[in-house]
Each structure stands twice: as structure tokens, then as C-alpha cells.
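The next block holds one structure in the form of C-alpha cells; read it before the comments.
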Amino acid sequence: IPSNRPLVRPDREVAYQFLASFLGWARTENVRFAFTKTSPDLTVVASALEDEGFRFIETIHQLTKSLPDMSLGAEEYSRIAEAEPEAYAGIVNISNRTPWESRFFQDSRIRQESAYAFYEKWLRGGLERTKRCTTLKIRGEVRGFVLWSVENLMLGGRHVAVADWELSAVDPDEIGAGAGKALYRGALREMQTAGVEIVRQAVSAHNHRALNLCAK
């Protein structure tokens, strides 16, 4: 797109040319499946996607939170810890038993086993690289996790540490017992300790439990 053209609301011609370029690349690379996220007000983009056979699956809410001083009880915080290698298998096990609400599980064209395999690959990749993984322990065992990463962005004329809350889950056996709240607060405290000022999280509109937890 030429630099003198606005990027906020691309016109129909630009939208179709951009999509045609992507589809050409995808076919050359033998891509079999593709997904995209777009702002709901970019109707020309949505129209172009629909014309090319893309199917709407879900609405995602992009949430942000600043991290002011937070209080957290010592007993509650004592159960929060950074994931250790010996806990990785347990973390993956939680993921593989979680009733996820994301687009990969909402799309009828994707088999459940394929969606779970994708999440396991995502999680293992994050654990084995430089991403952070905060865990919640109950009775000495990991019963919840938050996978997150940090990047420095220029906001308001200064560098700000922004955390992306990538993937989180509580052991299904602990749902409804306050584990989610303890994990959320503990992860936010860990992010704050790491110097994070802003947290971003994408939550599916289907995931009412997570949305209510974020609101609290």
C-alpha cells in the first residue's frame, strides 16, 4: 500500500488486491488452511474475505489492563510459581483436558484432535523458548497455568513493557473453586514484578467464564 494512502480504512480495491496477493502466496506454499482476524468496522475487508470463501467463526474481544499497585495475600501468592521443566507434562495435560472456547474448537472443519494438537504444539513451543509460564499449585501439584510474553513498545513517547497473555487454563477438576481468580491475580502480580505496565489479552466472546473473570 503506498505510504500516502490511509491504513485505517482501506478501500475495496486495496482490500481485494491485498487478499489476492496473500492467496497467491498461500497457494504457492501449498497452504491448506488459513485464518485471519479483522476489525469489525473494516467491512470491505470482511466482504473480500467472504467472497474468497472465508467463513466467520467467532468474535474476539481484545482486552487491555494497566497494572497499578496490587495487593495479594501471602497465602494466595505462595501458590504461584514459575513453571519448572518437571511441571511441563502436567501443564500440557491440563491443556489437553481443557474445554477450550477458541476459534480452533468452534470451527466445525477442524477436528478436535487437530485443535488439541495445535494447542499442545503452541504450549510446548512457549515453554521451551523464552516465554514466561506462571503456574498455580494446589496441594503441591500444578493446577493452572498462564503462558505470557513481553515486548517493549513506544507509547506516549517512552518505552513501555507490554505483556501478551497468550494462553491460560485451570485444571477442569478445580473450576468453580476459586482457582481461576488465584491464578489470574498471581499472574498479574508476576507480570508487575517483571516490570510490565500494560497487559493485553484476546478472549473469545463464547468464553463467558474468562470474560467474567477479567471483569472482576
Side-chain angles (χ1 to χ4, degrees), residues 1 5 7-64 83 88-133 144-151 162-172 199-211 214:
I1 300 175
R5 298 199 54 178
L7 299 180
V8 179
R9 293 180 179 275
D11 61 23
R12 186 180 181 86
E13 178 187 355
V14 172
Y16 277 85
Q17 287 181 357
F18 183 74
L19 184 56
S21 176
F22 166 75
L23 292 173
W25 167 84
R27 294 186 179 102
T28 300
E29 296 295 321
N30 294 316
V31 172
R32 298 285 303 279
F33 179 81
F35 65 90
T36 181
K37 292 183 286 187
T38 181
S39 175
D41 63 336
L42 296 180
T43 55
V44 291
V45 175
S47 296
L49 290 168
E50 186 177 44
D51 287 347
E52 289 293 343
F54 280 79
R55 184 185 304 173
F56 173 77
I57 299 298
E58 69 164 355
T59 296
I60 298 175
H61 297 294
Q62 184 70 46
L63 310 177
T64 61
Y88 291 177
I91 292 171
V92 171
N93 180 54
I94 292 173
S95 175
N96 288 337
R97 294 189 297 112
T98 294
W100 296 106
E101 300 280 355
S102 77
R103 60 189 179 277
F104 301 103
F105 294 86
Q106 295 292 331
D107 193 335
S108 61
R109 295 169 296 178
I110 303 177
R111 295 178 301 173
Q112 288 278 297
E113 55 267 33
S114 297
Y116 274 109
F118 174 77
Y119 264 48
E120 180 172 340
K121 182 177 180 181
W122 177 9
L123 186 54
R124 287 188 182 278
L127 291 170
E128 293 167 2
R129 292 197 290 272
T130 58
K131 295 180 181 180
R132 300 284 300 272
C133 187
F145 69 88
V146 177
L147 181 71
W148 53 285
S149 56
V150 181
E151 61 178 328
V162 178
D164 281 305
W165 186 297
E166 297 190 17
L167 193 63
S168 60
V170 169
D171 189 304
V199 182
R200 301 183 297 198
Q201 182 180 12
V203 181
S204 168
H206 297 285
N207 198 344
H208 300 159
R209 187 184 300 274
L211 289 171
C214 289

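Count residues from 1 along the sequence.
Counting heavy-atom neighbours within 6.0 Å of Arg103 CZ, excluding the residue itself, gives a total above 12. More than 12 heavy atoms of other residues, nucleotides or ligands lie within 6.0 Å of CZ in Arg109, so this atom counts as buried by the packing criterion. Shown here is Glu50, whose CD atom has no more than 12 heavy atoms of other residues, nucleotides or ligands within 6.0 Å.
Among all heavy-atom pairs drawn from Ala83 and Ile91, the shortest one is CB-CD1, 3.7 Å. What you find for Thr98 and Ala169 is that their closest heavy atoms are OG1-CB, 3.6 Å.
A distance of 10.0 Å separates CG of Asp107 from OG of Ser102, quoted to the nearest 0.5 Å. Between the CZ atom of Arg27 and the CZ atom of Arg32 there is a distance of 13.5 Å, given to the nearest 0.5 Å. Between the OG1 atom of Thr38 and the CD1 atom of Ile60 there is a distance of 11.5 Å, given to the nearest 0.5 Å. Distance check: Thr64 OG1 to Arg200 CZ gives 9.5 Å after rounding to the nearest 0.5 Å.
Between Tyr116 and Phe105, the gap from one ring centroid to the other is short of 6.0 Å.
For the pair Trp148 (side chain) and Ser168 (backbone), a donor-acceptor distance under 3.5 Å is absent. When atom types are taken as modelled, the side chain of Ser21 and the backbone of Gln17 share no donor-acceptor pair closer than 3.5 angstrom.
Ring-plane geometry between Tyr119 and Trp122 is classed as perpendicular, the angle between the planes exceeding 60 degrees on a 0 to 90 degree scale with a lower cut at 30.
By the 4.5 Å heavy-atom criterion applied to side chains, Phe35 and Ile57 are not counted as neighbours. Contact of the Leu49 side chain with the Phe56 side chain is not registered, since no non-hydrogen atoms from C-beta on lie closer than 4.5 Å. Using a 4.5 Å heavy-atom cutoff, the side chains of Leu211 and Leu63 are in contact. The side-chain heavy atoms of Phe22 and Val31, taken from C-beta on, include no pair separated by under 4.5 Å. Gln62 places none of its side-chain heavy atoms less than 4.5 Å from the side chain of Ser39. Proximity of Phe104 to Ser114: side-chain heavy atoms (C-beta onward) are nowhere separated by under 4.5 Å.
Under the side-chain contact (heavy atoms from CB on, under 4.5 Å) rule, Cys214 has a single partner from Gln201, Arg209, His61, which is Gln201. The side-chain contact (heavy atoms from CB on, under 4.5 Å) test with Leu123 singles out one residue from Phe118, Phe145, Tyr88, and that residue is Phe145.
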### Task
Starting from the C-alpha separation in whole Å, work towards a yes-or-no answer on side-chain contact (heavy atoms from CB on, under 4.5 Å) for Trp165 and Val203.
CA-CA 10 Å; Trp165 186 297; Val203 181; over 6 Å; no
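A side-chain N or O of Ser204 and one of Glu58 form a donor-acceptor pair less than 3.5 Å apart.
Salt bridge present: Glu120 and Arg124 bring a charged side-chain N and a carboxylate O closer than 4.0 Å.
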